[in-house]
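Comments concern the structure below.
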Amino acid sequence: MVGEQGRSVAWSLLRGPVRLEVDGRDVDLGPPRQRLVLAVLLLSPDRSVPVESIVERIWDGRPPRASNPVAPYVARLRRVVGGSGTLSYRSGGYRLDCDPDQVDLHRARRLATGGRAAARTGDDERAVDLLRRALTGWHAEALADLPGHWAAGMRDTLRRERADLLADWAEAGLRLSGPGCARPSAPAEVIRTLRPAVADDPVAERLVASLMAAYAATGQVTAALDCYAALRAAVADRFGSEPSAAVRDLHVRLLRGSGDHPEPPEPPRVAVTGASRVVPAQLPLDVRGFSGRQDELARLDALLTEGLTASPTVAVVHGGPGVGKTTLAVHWGHRAAARFPDGQLFVNLRGFDPGGQGMRPAQAVRGFLVALGVAADAVPPDPDAQVALYRSLLAGKRILIVLDNVRDADQARPLLPGAGTTVALLTSRNHLTGLIAAEGAHPVTLDVLPGAHARQLLGFRLGADRTAAEPDAVQQIVTACAGLPLALAIISARAQQNTFPLATIAAELTDADRRLDALDAGEASTRAGAVFSWSYAALSAPAATLFRLFGLHPGTDIGVPAAASLAGEPVPVTRRLLTELTRSSLLTEHRPGRYTTHDLLRAYAAHQARTHDDAATRRASLARLLDHHVHTAHAANRQLDPMRDPMPLLLGAPAAGVTLDPPTDRDRATAWYAAEAETLGAILRSPAVREFPGHVWQFAWALDTFMFRSGHWHELAATWRGALDAARRLCDPGAQAYAHNLLAFVEVHLGRHDRAEDHFDRALHLYGQTGDRGGAAHTHRNLGFLRWRQGDKRRALHHTQQSLAGFRAVGTASRTAHALNAVGWCHAQLGNHAEALAHCREALTLHQEVRDVHGEASTWDSLGYAYHRLADHARAHHCYTRSVELYAEAGDRFNQADALSHLGDSHRAAGDHGAASAAWRRAHDILTRLGHPDAETVRRKLVDAVQVGD
């Protein structure tokens with residue numbers, strides 16, 4: 001492209017390394033971080049990128065202490081860029097102004113948008129031409145020279161975007177190649193182009209389906225069937241599943257010979273990067289009797305008719321509480337659903353919850369990943385990695401994302417997609433000016449309903465006959481409600497519950513004018529009493545009590561046993577009360593057996609509780625709720641780790657009125673943890689729960705096993721920090737020592753060794769004060785793990801020997817076995833194989849006697865290592881295989897991967913390179929899904945194996 005002063009300027013993000021060519025000559029762009037800064041800005045040309053966003057991407061969330069560490073790189077880039085663009089600082093961020101068509105990625109996306117639009121209108125000739133031009137020069141490995149998690153996520157995004165573009169091109173080309181069509185040679189061209197692409201990504205089902213159709217169109221049915229067989233084997237090997245139904249149908253048609261020119265199926269839903277590509281449909285039910293809002297709907301429709309661009313389309317619907325923002329967003333989402341064939345995502349971010357900050361973006365991202373098909377144990381623990389995976393899964397998809405009740409721009413930004421083809425629709429009481437300025441979001445202001453539309457809404461809710469019979473009362477209600485949809489809906493619900501004349505309701509409502517005006521003002525949620533009082537007043541006394549207590553619940557939804565505990569009532573009684581609250585529209589059963597409500601109603605409930613229930617009653621209700629959750633979590637932990645030592649902080653009997661429904665097996669325990677994860681997190685973050693330090697500490701103990709084995713190390717570290725604070729407030733040195741020890745162990749896994757060492761030192765000091773030799777022994781064993789991680793094998797042995805002596809002194813068989821294994825492992829690391837085998841065999845016997853599956857798995861792994869070092873490969877293979885099996889049985893994914901890595905090492909040493917690579921691939925898949933840094937170590941083993949010809 002020709003730039004200023006007639007120079008030829010071309011920016012490249014797609015041809016491997018990031019490049020700038022001026023008049024055909026490459027410009028030196030500097031060191032990796034400097035090129036990374038440039039790439040971040042090039043991906044958002046002519047838009048300001050906040051400094052904080054650049055810092056997060058460049059330093060993977062671990063920035064240096066400088067106030068603006070990006071500035072030196074930008075200063076050097078200004079000299080490098082010269083007249084090829086303009087780098088400036090605006091509104092707290094940096095902006096690179098250049099012609100987007102000079103950037104190969106944006107030029108390709110513009111061509112792709114045009115090609116897809118042509119295909120939708122049936123102009124496949126133009127579609128093929130534009131899509132081919134978009135693909136020209138687009139390598140499979142874009143941004144190849146950039147380090148870090150963000151760059152890796154963008155590479156994955158661009159790789160998938162290219163694959164989808166290839167599939168669009170191939171499908172359009174094949175439509176042109178039928179009998180009498182314009183391009184009979186298109187199938188051969190598709191075959192030549194797709195064959196290497198499928199070889200690189202054998203589970204890319206759209207590409208495979210198009211390749212199958214192209215083979216069939218050229219008479220090569222056998223080759224098409226071979227393609228399907230290879231796809232089926234690859235999908236089974238990687239994901240343990242079958243190809244999609246659409247591709248299976250194409251296969252059946254080929255087998256039956258139904259047509260010489262089969263078209264590829266619709267884009268299949270296939271497992272990708274640990275995720276089963278599904279079509280989420282998360283929008284709530286469309287409101288019955290939607291009224292008005294034609295101008296706002298037209299503005300949202302215009303976002304689609306203008307076409308999706310290289311950047312994601314973001315719209316913000318803002319207005320006061322109760323004005324109908326969510327209703328509008330959901331209604332438009334259903335109306336436009338056909339424009340989003342890859343699905344709709346929805347989350348209530350609870351940005352205006354009373355006394356809180358709403359849902360954390362990381363929590364919402366995790367929910368979206370699960371909705372997009374990522375298994376719960378495959379969600380990366382690192383928030384940045386979660387966002388990168390989320391955006392990768394969205395790349396090239398036409399998906400609507402509705403973010404409801406957004407507090408501010410920072411809460412929304414991590415949930416916004418990274419590329420075009422998607423629409424993000426946000427609702428908020430705030431204007432979100434930051435998103436409008438920096439991200440180019442389209443604002444849609446929502447006000448109260450005009451009188452005619454408000455009357456129409458009442459007519460839909462109450463029936464035309466009833467409203468027509470009392471037109472004056474209807475007008476009084478509309479006037480008193482000031483056109484506020486939420487107030488109209490609540491009053492309609494009350495009118496539906498009885499046969500009172502509408503004039504009676506209108507007269508009562510008129511008395512609440514000032515309070516309704518306060519609600520219309522927007523932010524004082526506790527002034528909404530008049531709007532909700534009619535429904536609340538119609539409740540039975542027990543239902544009203546449960547509704548009030550629901551306002552004390554820290555989470556956003558609640559299950560039946562927890563609700564029964566909150567109320568102190570039996571489950572059958574509680575079910576009837578929940579049904580009454582649901583019928584009165586004060587609660588919604590949003591999932592079977594789980595109940596939630598609008599944030600204003602929850603605020604109103606809390607206000608009613610503070611008004612009508614004394615402090616002792618409120619505290620007792622919250623204590624019963626906490627008792628329910630902590631006792632259930634304790635029982636679930638026992639199912640996952642039956643050999644764990646008893647909880648050091650005594651778990652007393654639950655309070656009277658607490659309902660317990662403990663999981664009775666491992667699967668139920670895991671399911672309970674998954675269902676309650678959001679609620680448990682909200683409980684631990686609640687300021688009110690901080691007044692129950694014993695429960696906070698007990699929660700940490702009860703959640704430790706599940707969170708650790710699931711790889712949720714960041715969340716677990718935060719949980720133990722809260723438990724440490726609770727133990728200090730309890731003045732319990734033993735509980736403090738335990739928290740220091742467990743927090744340190746998590747910090748080791750997060751690679752934060754300095755923090756871990758400090759916590760280990762504090763734990764040993766406290767255990768010394770209390771004389772707890774068992775606790776000190778446990779700490780020494782964990783310290784041994786830290787020293788091994790640091791490469792200090794002799795100090796690791798020293799600590800594990802101290803651990804063994806301590807556990808033998810207190811006579812704990814299971815802990816003694818773990819310490820024996822740790823000592824054996826350290827001996828094996830030092831080459832003392834006889835000592836290693838002796839200690840590990842003794843440990844194995846003890847573990848088997850007490851039936852400690854997890855400990856046995858660990859010891860088999862240590863034995864395998866010792867035999868490996870002795871070159872006894874047959875025994876090493878046996879031990880490692882047994883370890884892998886037992887870790888899988890225990891549900892410990894990380895250690896299963898570790899044992900698989902060791903098994904691969906042993907196979908490699910024995911000369912079985914195929915078996916070694918297979919074991920390493922399994923280990924790499926698990927570690928990648930967990931987001932563990934050891935994945936890179938295993939990846940290097942696989943790369944080295946390829947380089948030496950294994």
Side-chain angles (χ1 to χ4, degrees), residues 748-749 781-801 803-804 817-848 852-890 892-913 915-924 926-927 932 934-935 937-938 940-942 944-945:
V748 175
H749 279 272
R781 187 165 73 85
N782 289 345
L783 254 172
F785 178 66
L786 169 62
R787 299 305 179 208
W788 173 72
R789 280 277 187 173
Q790 293 173 324
D792 193 340
K793 298 174 183 177
R794 294 199 176 278
R795 290 180 74 191
L797 176 61
H798 169 72
H799 283 294
T800 56
Q801 287 173 328
S803 172
L804 177 58
H818 280 281
L820 281 164
N821 177 44
V823 172
W825 171 259
C826 290
H827 274 303
Q829 293 286 308
L830 291 166
N832 306 327
H833 303 309
E835 291 90 340
L837 290 172
H839 281 85
C840 290
R841 286 168 180 157
E842 184 180 353
L844 185 64
T845 300
L846 278 175
H847 282 311
Q848 290 172 337
D852 186 343
V853 173
H854 196 270
E856 186 180 346
S858 177
T859 305
W860 279 116
D861 180 69
S862 300
L863 284 167
Y865 183 81
Y867 283 125
H868 176 196
R869 295 294 296 272
L870 289 168
D872 190 343
H873 300 304
R875 287 183 176 176
H877 299 165
H878 169 74
C879 294
Y880 283 139
T881 300
R882 188 66 182 131
S883 176
V884 170
E885 293 169 348
L886 290 173
Y887 275 132
E889 180 182 332
D892 188 336
R893 302 280 285 161
F894 167 71
N895 280 305
Q896 181 188 4
D898 198 42
L900 280 165
S901 179
H902 296 159
L903 176 60
D905 298 341
S906 182
H907 280 304
R908 173 75 176 275
D912 191 342
H913 304 308
S917 294
W920 288 332
R921 276 194 295 272
R922 289 176 63 194
H924 183 262
I926 293 172
L927 291 169
H932 197 281
D934 285 358
T937 302
V938 179
R940 286 198 296 269
K941 292 180 183 181
L942 286 164
D944 291 344

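Source: prediction; values computed, not measured.
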Side chain S906, main chain H902, donor-acceptor under 3.5 Å: no
Check: A857 main-chain N/O paired with S883 side-chain donor or acceptor under 3.5 Å: yes
Looking only at heavy atoms, what is the nearest atom pair of L900 and I926, with distance? CD1-CD1, 4.0 Å
d(R875 CZ, H878 NE2) to nearest 0.5 Å is 10.0 Å
Measuring centre to centre across the rings, with the benzene-like ring taken for any Trp, is H877 within less than 6.0 Å of H907? yes
Is it true that H749 and F785 have ring centroids separated by less than 6.0 Å? yes
Can you confirm whether the side chains of H868 and D905 place a donor and an acceptor under 3.5 Å from each other? no
Side-chain contact, heavy-atom cut-off 4.5 Å: K941 with R908? no
Looking at side-chain heavy atoms only, is the closest gap between Q829 and Y865 below 4.5 Å? yes
Restricting to non-hydrogen atoms, name the atom on A819 and the atom on L804 that form the minimum distance, rounded to 0.1 Å. CB-CA, 3.6 Å
Ignoring hydrogens and geometry, is there a side-chain-to-backbone donor-acceptor pair from H839 to E835 under 3.5 Å? yes
Heavy-atom side-chain contact between R922 and Q896 under 4.5 Å: yes
Atom OG1 of T881 and atom CG of L903: how far apart are they, to the nearest 0.5 Å? 5.0 Å
Ring-plane angle category for Y887 and H854, please: parallel below 30°, perpendicular beyond 60°, tilted otherwise. perpendicular
Compute the ring centroids of W860 and Y880, then answer whether they are less than 6.0 Å apart. no
Side-chain donor or acceptor of T859 paired with backbone N/O of G855 under 3.5 Å: yes
Interatomic spacing from NZ in K793 to NE2 in H827 - rounded to 0.5 Å: 14.0 Å
Reported SG-to-CZ distance for the pair C826 and R794, which is rounded to 0.5 angstrom: 11.5 Å
With distance as the sole criterion, is a donor-acceptor pair present between the side chains of H799 and N782 under 3.5 Å? no
For C840 and G824 the tightest heavy-atom approach is SG-CA, 3.8 Å
Can you tell me how far CZ of R781 sits from CG of L820, rounded to the nearest 0.5 angstrom? 11.0 Å
Would you call C879 and D861 a side-chain contact if the rule is heavy atoms closer than 4.5 Å? no
Closest approach of A866 and A836, non-hydrogen atoms and distance? CB-CB, 4.4 Å
With a 4.5 Å heavy-atom cut-off, do N821 and T800 have their side chains touching? no
Calculate, to the nearest 0.5 Å, the distance between atoms NE2 and CG belonging to H833 and L870 respectively. 5.0 Å
Kindly say whether the aromatic ring centers of H873 and Y867 come within a distance under 6.0 Å. no
Any side-chain to backbone donor/acceptor pair from N895 onto D898? Under 3.5 Å, distance only. no
